[in-house]
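Presented below is the structure to which this report refers.
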Amino acid sequence: MQSARPIPPLPAPVRPDPVRDRWAAPMRLAIAEAALAPATGDVPVGALVLGPDGEIIGRGHNEREAVGDPTGHAEVVAVREAARRVGEWRLSGCTLVVTLEPCTMCAGAIVLSRIDRVVYGALDEKAGAAGSLFDVMRDRRLNHRPEVIPGVLADECGEQLRAFFDTQR
């Protein structure tokens, strides 16, 4: 006679998050973009700019090491590509999806480009400028303040960064 094994509890149901769930698919694309960065020694951060219709009009991953440019952050690369594609610097109606909370440089570029919304994954407690260390994008003194949606697939985005830095130690 076998002893009865206890039945493990069911996992807690995952509650839908109407604010963040709609951004999961584009964030997965940004995560895939981020995966391209380590090949050149760059930190895996990926970004997409979505046009008003949701089409990808810019993409980028960190390339500071690859091109020797201190402004080679994923967000800046993606915003530059989107502006070229649109044919102007104003990216009104667009959304930036990025795997890591933007730094102050990137936050400034986002504000100046008039992007309407920023969706990010992992917090950057050391350099983040979208709510953790600083909150540049929502500073009431600025003439443009994009909507900020933090924490989309934050665990996956954070794990990608942790895995990269584990290989660097």
Side-chain angles (χ1 to χ4, degrees), residues 11-38 42-64 71-83 85-86 91-140 142 144-166:
V14 176
R15 289 187 175 175
D17 183 338
V19 173
R20 288 175 184 79
D21 290 350
R22 69 180 285 213
W23 301 108
M27 185 61 77
R28 284 191 177 87
L29 295 174
I31 291 169
E33 183 70 27
L36 301 174
D42 282 288
V43 176
V45 177
L48 306 173
V49 176
L50 306 176
D53 61 356
E55 177 189 356
I56 298 171
I57 60 171
R59 60 175 73 230
H61 55 273
N62 276 359
E63 57 180 39
R64 289 187 313 170
T71 68
H73 289 204
E75 301 94 312
V76 171
V77 173
V79 166
R80 284 178 181 156
E81 182 178 305
R85 189 147 177 215
V86 170
L91 297 175
S92 300
C94 295
T95 299
L96 176 77
V97 179
V98 61
T99 59
L100 180 65
E101 179 182 3
C103 70
T104 54
M105 175 186 70
C106 294
I110 291 162
V111 168
L112 292 173
S113 69
R114 306 298 194 266
I115 285 176
D116 282 3
R117 181 181 305 104
V118 175
V119 177
Y120 72 84
L123 283 175
D124 186 348
E125 294 176 359
K126 292 183 180 178
S132 61
L133 184 60
F134 303 106
D135 203 352
V136 171
M137 289 189 274
R138 292 180 284 200
D139 189 316
R140 296 222 170 262
L142 299 175
H144 179 73
R145 291 179 300 280
E147 175 186 12
V148 176
I149 301 172
V152 175
L153 300 182
D155 292 340
E156 291 177 43
C157 294
E159 182 51 40
Q160 189 177 41
L161 290 160
R162 278 187 291 282
F164 172 79
F165 286 114
D166 283 350

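Numbering of residues begins at 1 and proceeds along the displayed sequence.
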Considering only heavy atoms from C-beta outward, does the side chain of [X] approach that of [Y] to under 4.5 Å?
X: R59; Y: V49; answer: no
X: R117; Y: I149; answer: yes
X: L96; Y: Y120; answer: no
X: P26; Y: L50; answer: yes

Check: [X] side chain, [Y] main-chain N or O, donor-acceptor pair, under 3.5 Å:
X: R138; Y: A130; result: yes
X: N62; Y: A37; result: no
X: R20; Y: P150; result: yes

Set of residues satisfying salt bridge (charged side-chain N to carboxylate O under 4.0 Å, His left out) with respect to [X], sequence neighbours excluded:
X: E125; answer: none
X: R114; answer: none
X: R28; answer: E156

Least distance between heavy atoms, [X] atom then [Y] atom:
X: M27; Y: G121; value: CE-N, 3.5 Å
X: G51; Y: C94; value: CA-SG, 3.9 Å
X: L123; Y: S132; value: CD2-CB, 4.0 Å
X: R80; Y: T71; value: NH2-OG1, 3.2 Å
X: A30; Y: V97; value: CB-O, 4.1 Å
X: G60; Y: A78; value: N-CB, 3.8 Å

Per the side-chain contact (heavy atoms from CB on, under 4.5 Å) rule, which among I31, T99, D124, V77 passes with V45?
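When I31, T99, D124, V77 are each tested with V45, the side-chain contact (heavy atoms from CB on, under 4.5 Å) holds only for T99.
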Of L91, V111, D116, V119, which is the lone residue that meets side-chain contact (heavy atoms from CB on, under 4.5 Å) with P146?
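Considering L91, V111, D116, V119, a side-chain contact (heavy atoms from CB on, under 4.5 Å) with P146 is found only for V111.
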Would you sort out whether H61 and D42 count as a side chain to side chain contact (heavy atoms under 4.5 Å, CB included), showing the intermediate values?
CA-CA 9 Å; H61 55 273; D42 282 288; 5.9 Å; no
How long is the straight-line distance from CD of E101 back to CD of E75, given to the nearest 0.5 Å?
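Output value for this atom pair is 10.0 Å.
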Nearest-0.5 Å distance that lies between atom CG in D135 and atom CZ in R140:
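Rounded to the nearest 0.5 Å, the CG-CZ separation comes to 10.0 Å.
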Tell me, with the steps shown, if F165 and V43 meet side chain to side chain contact (heavy atoms under 4.5 Å, CB included).
CA-CA 8 Å; F165 286 114; V43 176; 3.8 Å; yes
For [X], which residues count as a side-chain contact (heavy atoms from CB on, under 4.5 Å) partner, sequence neighbours excluded?
X: D139; answer: R141, L142
X: L29; answer: L48, I56
X: A122; answer: L100, C157, L161

